[in-house]
There are 2 protein chains.
Amino acid sequence: MSRIMSLRHAILGFLSTTPLSGYDLRKAMDASVQHFWPADQAQIYRTLTRLVAEGLVDVQEVDGDTRQRKLHFATAAGLAELDDWLRTIHPVEDSREPFLIKMFFGGCIGAADVCALLLARRGEAEALRATFQGIAASIPESGDLNTVLRRATLLSGLRHVEAEILWIDETLEALK
Amino acid sequence: MSRIMSLRHAILGFLSTTPLSGYDLRKAMDASVQHFWPADQAQIYRTLTRLVAEGLVDVQEVDGDTRQRKLHFATAAGLAELDDWLRTIHPVEDSREPFLIKMFFGGCIGAADVCALLLARRGEAEALRATFQGIAASIPESGDLNTVLRRATLLSGLRHVEAEILWIDETLEALK
DNA sequence: TTGTCATATAGGACTTATCCTATATGAGCC
DNA sequence: GGCTCATATAGGATAAGTCCTATATGACAA
């Protein structure tokens, strides 16, 4: 899919501030970037292994007080790679929207059934909007750069669901 | 990636009205659904082969007046599969946004460089908006169901780039 | 003590898609 | 006659991710 391999860089991003285990990483990602980069657990471990093989990440096996785990650190090369990737201006990647395929061929099932699809999607979008609004409300509107950026990534999701809801209503109107 | 295998159904959708060759299909997709489902040529042929193996599509080798080509038809089973898929309400699939990963870790490169990324993206988004506006202007606002739906898929793209531009401006403002 | 939950890691099989390459022919041009 | 372009099909290698499964331990409760 993505020629861009962002999981690598997301991992490097997390490891740039704190050493983490694969398990920690998964939790951290689920708690922060999940809405724009859902991460598969197996994929995290595989990518981590690969990053180590490439010398961008170092491992340190810790079997101290708790059970055995592998702490991962970004190396200097890893930090350089992250910095480089962050500064590079990549072209907008094209997205795949299965729902629009359905819309496009909606003529096969008729306007009424298309409206049903739109209404179902509207419900999901509203739920998502509420979730985003809730999280956004918990992040201060201004503050340090990281806070502003964290809030911005959330607002991106929010603005897009809002647009989606408006589009659904507009389309529903056009179908009447 | 997509557990949803929409290319199969996009192909069935096209074949539901006209028999097409792989080449025709590619052209048809590039001219219509490309902005929400860019199709790889090799992938079209592979999917076509598979659909034939599954009995959802029939082939007929034509080597008449022009060079040899393979015309593909949707079978009754294919049409049933399409109809079923179109009517099924699938949950909203989660999207991956590499750009938001960059935003999230923008603290590593500083506000000024983050703004540069945002401005570059804004330029691309504006170009895309102009493209969508141009195409949308060429489709009548009302008409038969297919026209309305065709326009709706385009407007979806338009509404989302519009939202993206607004979000970029909002974020640029927050970064000042 | 037995069971189950959270922690912790990872391999295997598979899917979808991308990129590159190979092949072949008809049409039009210079 | 040779050039390139559009038509037309398709394999090979590789990437990225998903789903399922296996393993093992510490903690806590019934």
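Chain letters run A, B, ... following the sequence lines, proteins first and then strands; every chain starts at 1. Any value given below was found using the heavy atoms of this structure, including those in side chains, with hydrogens, waters and symmetry copies removed.
- In this structure, CD1 of A/I44 is placed 14 Å from P of C/dT7, rounded to the nearest angstrom.
- Residues B/R159 and A/E170 are paired through a salt bridge, judged by an N-O separation under 4.0 Å between the basic side chain and the carboxylate.
- Across the protein-nucleic acid pair, B/Y23 atom OH and C/dT25 atom C1' stand 13 Å apart, rounded to whole Å.
- Across the protein-nucleic acid pair, B/L51 atom CG and D/dA10 atom C1' stand 16 Å apart, rounded to whole Å.
- Taking atom CD on B/Q68 and atom P on D/dA6, their separation rounds to 20 Å, with Å as the unit.
- Ion pairing of B/D24 with B/R69 is present here, as a side-chain N (NZ or NE/NH1/NH2) and a carboxylate O approach within less than 4.0 Å.
- The shortest distance between the side-chain N/O atoms of B/K70 and the OP1/OP2 oxygens of D/dA10 is below 4.0 Å.
- Classified by interplanar angle (parallel below 30°, tilted 30° to 60°, perpendicular above 60°), the ring pair A/F104/B/F14 is tilted.
- C/dT15 atom C1' lies 15 Å from atom CG of B/D40, rounded to whole Å.
- Taking atom NZ of residue B/K27 and atom C1' of nucleotide D/dA8, one finds them 11 Å apart after rounding to whole Å.
- Below the 3.5 angstrom threshold, one finds no donor paired with an acceptor across the side chain of B/R46 and the base of C/dT15.
- A/R50 comes within 4.0 angstrom of sugar-phosphate atoms only, judged by non-hydrogen atoms across all strands, and of no base.
- The shortest side-chain heavy-atom distance between B/E81 and B/H9 falls under the 4.5 Å cut-off.
- When the C1' atom of D/dC19 is taken as reference, atom OH of A/Y45 falls 16 Å away, rounded to whole Å.
- Contact check, A/S21 against C/dT7: no side-chain N or O comes under 4.0 Å of OP1 or OP2.
- B/Q41 has its CD atom 16 Å from the P atom of C/dT23, to the nearest Å.
- The pair A/E164-A/R121 meets the salt-bridge criterion, since a charged nitrogen lies less than 4.0 angstrom from a carboxylate oxygen.
- When each of B/D24 and A/A42 is assigned the nucleotide of DNA chain D bearing its nearest heavy atom, the one mapping closer to the 5' terminus is B/D24.
- Applying the 4.0 Å criterion to OP1 and OP2 of D/dT18, one finds that B/R96 has a side-chain N or O inside that range.
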